[in-house]
Amino acid sequence: LGDELKCSTPRARRTGSTTHWKDVYTGLAEMRSPADGLVQEKCDYDLVTPLALLFYYAVLYAPHFPPGSDLLLKAASVYHSFLTWPVPYCNIFRELLTFISDELKAPGISFQRLVRTEQGLPVKNYQSSTVTVLLLNRSEVQSEFLSIAEKLSASEPPQHATLVLLLEHLYQANFGTRCDLDSLHHLLKSKTLEELSEIYASAADAQEIAAASSDPVLARERLQSVLRDIAGAASFPAIAGEAQPRKLHTIPIPAARCYAFSWDQDNFGKQRRSRVPP
């Protein structure tokens, strides 16, 4: 792992290609300002955003960063120099640096926030949610696209399955192969929705508290301690003291909850209120 860890995005997995983490931020490092602080005359601005997004999704999909990995710290040092670039590029890297800071303090928190937001799963004081709405004019939309949109709108993952996925991801992101993910999966599936909701609320709250801390090392230590306590109370499989000879699992991001409405029907607001959870 570490510098040799490979990242793969959904597109990469479909095409069978992978990208070395080191190559992602090295490509950006070659485009940053030189040591004298002057922006290079020949900068390919068009490549900045795609490379930044590639790094973001690579980290988002990463199962676990080993304790000795300094990838995120190296990336932060490289990306900090882009803050001197013009808008909107400096804004992109300001957000990316915040993203890295959160991941250093609470591993996996960006994945957790994204899934919670897209699935409408509020956690105590963290109530944000995103609703994906497709407004369709049936006379202008191809039948194949319309069929896919209707299927997306009609289906949504059960909340029980989503909570199982989130807890698996949270524990693997923080403990890596020290956590027996297969055993944890079977145990979580046996829990009721109410039990899972209580367990996840406590774990997610601990993760948000860690992300709000100022010291990354202390934040991670406290978060792992709380997660161990939660695991013990919920009779999770024991978390080993050292890495075990197991494989890490790439946990996919579930499709966002989606709602499709016909453009020619004046019922968008009424139907949305009746279908979208508060």
| Near R178 CZ, under 6.0 Å, is it more than 12 heavy atoms from other residues, nucleotides or ligands? | yes

| I109 with F65, same ILVMFWY side-chain cluster at under 4.5 Å | no

| note | So the side chain to side chain donor-acceptor pair (under 3.5 Å) pairs with at least one residue in residues 226-248 (sequence neighbours excluded) are none

| For the residue pair F82 and Y89, is the inter-centroid distance of their aromatic rings smaller than 6.0 Å? | no

| query | Do I251 and P63 touch side chain to side chain, with heavy atoms closer than 4.5 Å? | reply | no

| query | Considering residues at least two apart in sequence or located in another chain, which fulfil the side chain to side chain contact (heavy atoms under 4.5 Å, CB included) criterion with L114? | reply | L60, E118, I253

| query | Taking K105 for the side chain and P216 for the main chain, is one N or O donor matched with an acceptor at less than 3.5 Å? | reply | no

| field | Partner residues of S183 under the side chain to side chain donor-acceptor pair (under 3.5 Å) criterion, sequence neighbours left out | value | D180

| So how far is it from N91 CG to L96 CG, rounded to the nearest 0.5 Å? | 12.5 Å

| task | Answer whether the closest heavy-atom distance between the side chains of L83 and L97 falls below 4.5 Å. | result | yes

| Contact check, side chains of Q119 and P254, non-hydrogen atoms, under 4.5 Å | yes

| field | Any L188 side-chain heavy atom under 4.5 Å of L184 side chain | value | yes

| field | Counterpart residues, side chain to side chain contact (heavy atoms under 4.5 Å, CB included), relative to Q142 (two or more places apart) | value | none

| task | State, to 0.1 Å, how close A231 and I239 come at their nearest heavy-atom pair, and which atoms those are. | result | CB-CD1, 4.4 Å

| task | Write out all pairs satisfying side chain to side chain donor-acceptor pair (under 3.5 Å) with one or both partners inside residues 157-166, taking only residues at least two apart or from two chains. | result | none

| task | Taking salt bridge (charged side-chain N to carboxylate O under 4.0 Å, His left out) as the test, write out the residues that go with D102, two or more places apart. | result | R113

| query | What distance separates F93 CZ from F99 CZ, expressed to the nearest 0.5 Å? | reply | 13.0 Å

| said: Looking at H249, I want to see if its NE2 is surrounded by more than 12 non-hydrogen atoms of other residues, nucleotides or ligands under 6.0 Å. | reply: yes

| Linking I/L/V/M/F/W/Y whenever their side-chain heavy atoms sit closer than 4.5 Å, directly or via other members, would L167 and V226 fall into one cluster? | yes

| message | Working to the nearest 0.5 angstrom, can you tell me the gap between S197 OG and K191 NZ? | response | 12.5 Å

| Who pairs with E95 by side chain to side chain contact (heavy atoms under 4.5 Å, CB included), at least two apart in sequence or on another chain? | none

| field | L218 and S213, any side-chain heavy atoms less than 4.5 Å apart | value | no

| task | Any side chain to side chain donor-acceptor pair (under 3.5 Å) involving residues 167-176? Give me the pairs, sequence neighbours left out, ordered by first then second residue. | result | Q112-H169, E168-H185

| query | Does a donor on one side chain sit under 3.5 Å from an acceptor on the other, for Y200 and R116? | reply | yes

| query | Do the two ring centres, one from Y61 and one from F111, sit under 6.0 Å apart? | reply | no

| query | Side-chain contact, heavy-atom cut-off 4.5 Å: R220 with P107? | reply | yes

| task | With sequence neighbours left out, write down each residue that passes side chain to side chain contact (heavy atoms under 4.5 Å, CB included) with A210, or none if nothing qualifies. | result | A106, A219, L223

| message | Are C90 and V87 packed together at the side-chain level, in the sense that at least one heavy-atom pair is separated by less than 4.5 angstrom? | response | yes

